[in-house]
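Here's the structure, in structure tokens; my notes come after.
All of these numbers come straight from a predicted model, not from anything done at the bench.
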Amino acid sequence: MQVFYRNNVLAGEASVLHAAQCAGMLLYGKKAAVIGRGNTAQGAIRALSCNGACVTVYGRKQEDKFRNDLGNYDVVVIAVLWDPKRTDHILSRSALKTMKPNALVIDVSCFLLLGTLILGQTP
């Protein structure tokens with residue numbers, strides 16, 4: 001069991017609210033996509049939906065569908081636990097070109113090794 005799960009939820013909420021504020025974007029009526037279903041993603045989903053955005057959630061196994069649908073969204077949140085052994089990206093340059101010109105991308109993903117380095121544990 002993760003002890004600090006609430007911190008992850010707050011990170012998701014705060015990342016969405018802070019990014020929208022910095023971009024000068026009101027979330028009401030925006031179409032948003034979130035990839036991830038963990039605690040951080042749940043916080044992002046809550047922040048988006050509580051501020052009036054229409055949210056679509058994609059799981060990790062739906063990365064291809066997520067990439068195909070990118071052009072439909074005003075806000076895209078990446079909230080996945082990243083495998084540092086992967087050599088690809090969820091959003092490649094070619095995928096970014098399919099997005100709306102003023103779309104907001106919020107990357108609040110992390111990787112497991114980062115947590116072990118911070119806590120001083122060996123992976």
Side-chain angles (χ1 to χ4, degrees):
M1 182 177 108
Q2 186 178 6
V3 178
F4 299 108
Y5 76 93
R6 185 68 181 134
N7 290 354
N8 298 21
V9 175
L10 290 172
E13 291 177 4
S15 65
V16 167
L17 297 176
H18 184 71
Q21 184 180 21
C22 288
M25 178 185 282
L26 293 176
L27 297 172
Y28 186 82
K30 300 291 186 212
K31 291 181 74 175
V34 177
I35 184 163
R37 294 185 186 269
N39 295 330
T40 306
Q42 294 304 314
I45 293 163
R46 183 184 331 184
L48 289 162
S49 60
C50 286
N51 282 282
C54 177
V55 183
T56 303
V57 181
Y58 295 88
R60 289 295 303 265
K61 294 181 179 180
Q62 296 176 303
E63 285 183 25
D64 290 335
K65 180 164 175 37
F66 171 75
R67 285 186 196 99
N68 290 335
D69 295 345
L70 278 175
N72 300 328
Y73 299 109
D74 305 299
V75 180
V76 173
V77 181
I78 303 169
V80 296
L81 180 61
W82 188 251
D83 179 2
K85 294 176 185 163
R86 282 183 66 169
T87 57
D88 63 335
H89 300 282
I90 291 178
L91 286 182
S92 64
R93 286 189 175 146
S94 59
L96 289 172
K97 290 178 183 176
T98 67
M99 295 179 69
K100 292 181 178 180
N102 294 321
L104 179 62
V105 177
I106 304 166
D107 187 355
V108 66
S109 58
C110 70
F111 62 97
L112 189 58
L113 185 60
L114 179 64
T116 57
L117 291 174
I118 290 171
L119 296 174
Q121 301 170 352
T122 55

Should [X] and [Y] be regarded as members of a common hydrophobic cluster, given that ILVMFWY residues are connected when their side-chain heavy atoms come within less than 4.5 Å of each other, either directly or indirectly?
X	Y	result
Ile90	Val105	yes
Val57	Val77	yes
Leu17	Leu10	no
Val34	Ile78	no
Ile35	Met99	yes

side-chain hydrogen bond (donor to acceptor under 3.5 Å, both in side chains): pairs with one or both residues in residues 94-105, sequence neighbours excluded:
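Qualifying pairs, neighbours excluded: Asp74-Lys100, Ser92-Ser94.
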Kindly indicate whether the side chain of Asp69, heavy atoms from C-beta on, has any atom under 4.5 Å from the side chain of Lys65.
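Answer yes - side chains close enough.
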Does Val76 reach the side chain of Ile106, with side-chain heavy atoms less than 4.5 Å apart?
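Counting from C-beta outward, Val76 and Ile106 never come under 4.5 Å.
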Under the ring-ring contact (aromatic ring centres under 6.0 Å, His included) rule, what pairs show up with a residue in residues 30-68, not counting sequence neighbours?
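Sorted pair list: Tyr58-Phe66.
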Return each pair, listed once, that meets ring-ring contact (aromatic ring centres under 6.0 Å, His included) where at least one residue sits in residues 13-37; pairs must be two or more places apart or across chains.
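Residue pairs with at least one partner in residues 13-37: there are none.
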Looking at residues at least two apart in the chain, or sitting in another chain, which of them share a side-chain contact (heavy atoms from CB on, under 4.5 Å) with Ala11?
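Residues passing side-chain contact (heavy atoms from CB on, under 4.5 Å) with Ala11: none at all.
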Quick test of your reading: applying salt bridge (charged side-chain N to carboxylate O under 4.0 Å, His left out), list the pairs with at least one residue in residues 47-61, sequence neighbours left out, ordered by first then second residue.
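Qualifying pairs, neighbours excluded: Arg60-Glu63.
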So which pairs with a foot in residues 30-47 pass salt bridge (charged side-chain N to carboxylate O under 4.0 Å, His left out), sequence neighbours left out?
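Every salt bridge (charged side-chain N to carboxylate O under 4.0 Å, His left out) pair that includes a residue of residues 30-47, provided the two are not neighbours, is Glu13-Arg46.
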Say you draw a straight line from CG of Leu70 to CG of Leu96; how long is it, rounded to the nearest 0.5 Å?
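One finds 8.0 Å between CG of Leu70 and CG of Leu96.
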